[in-house]
Each structure stands twice: as structure tokens, then as C-alpha cells.
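Reading through the C-alpha cells given below for one structure.
Values below: all heavy atoms of this structure, side chains included; hydrogens, waters and symmetry mates excluded.
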Amino acid sequence: MLIPCLACESRFGPDEFFRACSDYNRGRDLVAWTCPRCGNHDELRVLPGELGFGYPQCGRFAVYDRLRVPGLRRQRGDLRLDISLESASWRVFTRVRQPV
């Protein structure tokens with residue numbers, strides 16, 4: 001299974017794709033991802049069996065593109081999101097934001 005960058009259309013195996021995730025926003029349930037090839041920054045929602053790409057709209061995240069990833073699983077932690085697919089797993093931590 002190859003997962004595409006929606007900006008440059010490069011395709012990545014699950015390990016390369018999920019290693020490029022840099023932040024989990026638990027309140028919005030979004031993962032920040034930066035394409036290793038073109039540097040495009042996306043936010044996405046990891047759901048059981050699929051990835052949801054979209055944009056903030058009217059105070060919520062609207063998913064416009066869904067990519068089926070059979071066997072994809074997720075487990076929310078207090079300050080992280082654990083993602084697993086087959087025998088591989090990745091952990092995306094929440095960056096602690098400082099009060100303004």
C-alpha cells in the first residue's frame with residue numbers, strides 16, 4: 001500500500017508516511033504531516049481503516065478526501081496517538097503548547 005502526498009503526488013510506504021507525522025492535536029483529533037519530498041504541510045485525521053484529509057471550516061475539520069487503508073488502527077493516549085498497521089506501529093506525540 002502506498003499513501004500519496006496530495007500536493008506533489010509522491011507515494012510513500014506506511015513507514016515513511018507515518019514517520020513524517022510531527023504532532024498530534026488531541027483536542028482537534030488531527031495529525032500534522034509534512035511531505036518528505038516537497039515539504040507540503042497537511043493536517044489529517046487517522047480513523048480506523050482510513051485517512052481523512054481536509055481543511056478547517058466553520059470551527060471544525062471538514063474531511064474532503066478519504067483514503068482507505070485496510071487494517072489501519074488507532075489508539076488515543078493523553079499526549080499521543082498510537083497508529084498501527086499489520087505488525088508495524090508508530091507513535092505521534094502532542095507538542096506541549098505554552099500559554100500565551
Side-chain angles (χ1 to χ4, degrees):
M1 151 129 296
L2 295 176
I3 305 169
C5 169
L6 299 181
C8 71
E9 299 181 7
S10 294
R11 297 189 173 275
F12 304 95
D15 190 53
E16 188 176 11
F17 184 89
F18 290 116
R19 280 189 292 119
C21 294
S22 59
D23 181 32
Y24 174 59
N25 184 324
R26 191 177 197 286
R28 295 175 58 208
D29 194 24
L30 295 175
V31 172
W33 180 78
T34 303
C35 177
R37 302 250 166 69
C38 73
N40 177 61
H41 175 79
D42 265 327
E43 290 184 315
L44 59 108
R45 190 160 280 155
V46 177
L47 302 165
E50 68 181 19
L51 297 174
F53 296 88
Y55 307 94
Q57 181 180 20
C58 299
R60 65 180 190 87
F61 187 76
V63 174
Y64 288 105
D65 291 308
R66 294 178 185 271
L67 176 67
R68 298 273 310 137
V69 183
L72 184 67
R73 294 182 313 277
R74 58 175 262 144
Q75 178 67 44
R76 288 172 58 153
D78 285 338
L79 294 174
R80 70 175 190 264
L81 179 68
D82 295 326
I83 303 167
S84 58
L85 179 64
E86 298 167 357
S87 63
S89 63
W90 303 270
R91 187 169 276 177
V92 184
F93 289 95
T94 298
R95 276 187 305 181
V96 178
R97 290 152 179 85
Q98 298 299 321
V100 181

message: Could you measure the distance from the CZ atom of Phe93 to the CG atom of Asp78? Nearest 0.5 Å is fine.
response: 12.0 Å
- prompt: To the nearest 0.5 Å, what is the distance between CG (Asp15) and OG (Ser89)?
  reply: 10.0 Å
query: Is a side-chain N or O of Arg26 found less than 3.5 angstrom from the main chain of Gly77, in a donor-acceptor match?
result: yes
- prompt: Side-chain heavy atoms under 4.5 angstrom apart, residues restricted to Ile, Leu, Val, Met, Phe, Trp, Tyr: same cluster for Phe12 and Phe53?
  reply: yes
- prompt: Which distance, rounded to the nearest 0.5 Å, do you find between the SG of Cys21 and the CG of Leu30?
  reply: 11.5 Å
task: Taking the side chain as every heavy atom from C-beta outward, state whether Glu86 and Pro14 have any atom pair closer than 4.5 Å.
output: no
- request: Heavy atoms only: give me the nearest Cys5-Cys8 pair and the separation to one decimal.
  value: SG-N, 3.5 Å
message: Strictly distance-based, threshold 3.5 Å: is any side-chain N or O of Asp23 a donor or acceptor partner for the main-chain N or O of Ala32?
response: no
task: Have a look at Asp82 and tell me which of Arg74, Arg76, Gln75, Arg91 forms a side chain to side chain donor-acceptor pair (under 3.5 Å) with it.
output: Arg91
task: Taking Arg68 for its side chain and Gly49 for its backbone only, find out whether a donor-acceptor pair lies under 3.5 Å.
output: yes
- prompt: Does atom CD of Glu16 have more than 12 heavy-atom neighbours from other groups under 6.0 Å away?
  reply: yes
- request: Side-chain contact test, heavy atoms from C-beta onward, threshold under 4.5 Å: evaluate it for Tyr24 versus Asp29 and give yes or no.
  value: yes
task: Decide whether Leu79 and Val92 are clustered together by the hydrophobic rule: side chain heavy atoms of Ile, Leu, Val, Met, Phe, Trp, Tyr closer than 4.5 Å, transitively.
output: no
task: Could you check if a side-chain atom of Leu47 sits within less than 4.5 angstrom of a side-chain atom of Arg66, using non-hydrogen atoms only?
output: yes
- line: In this structure, CG of Leu44 is separated from CD of Glu50 (nearest 0.5 Å) by 11.5 Å
Qualifying residue, where the test is side chain to side chain contact (heavy atoms under 4.5 Å, CB included) with Trp90 and the options are Val46, Leu81, Val31, Leu85: Leu85
- prompt: How close do Pro4 and Leu67 get, heavy atom to heavy atom, and via which atoms?
  reply: CD-CD2, 3.6 Å
Distance-minimising heavy-atom pair for Glu43 and Phe61: O-CZ, 3.5 Å
message: Classify the ring geometry of Phe17 against Trp33: parallel below 30°, tilted from 30° to 60°, perpendicular beyond 60°.
response: parallel
- prompt: Quick one: CG on Leu6 to OH on Tyr64, what's the gap to the nearest 0.5 Å?
  reply: 14.0 Å
task: Search all heavy atoms of Thr34 against all heavy atoms of Gly39 and return the closest pair with its distance.
output: CG2-O, 3.6 Å
- prompt: Atom CD of Glu9 and atom SG of Cys38: how far apart are they, to the nearest 0.5 Å?
  reply: 10.5 Å
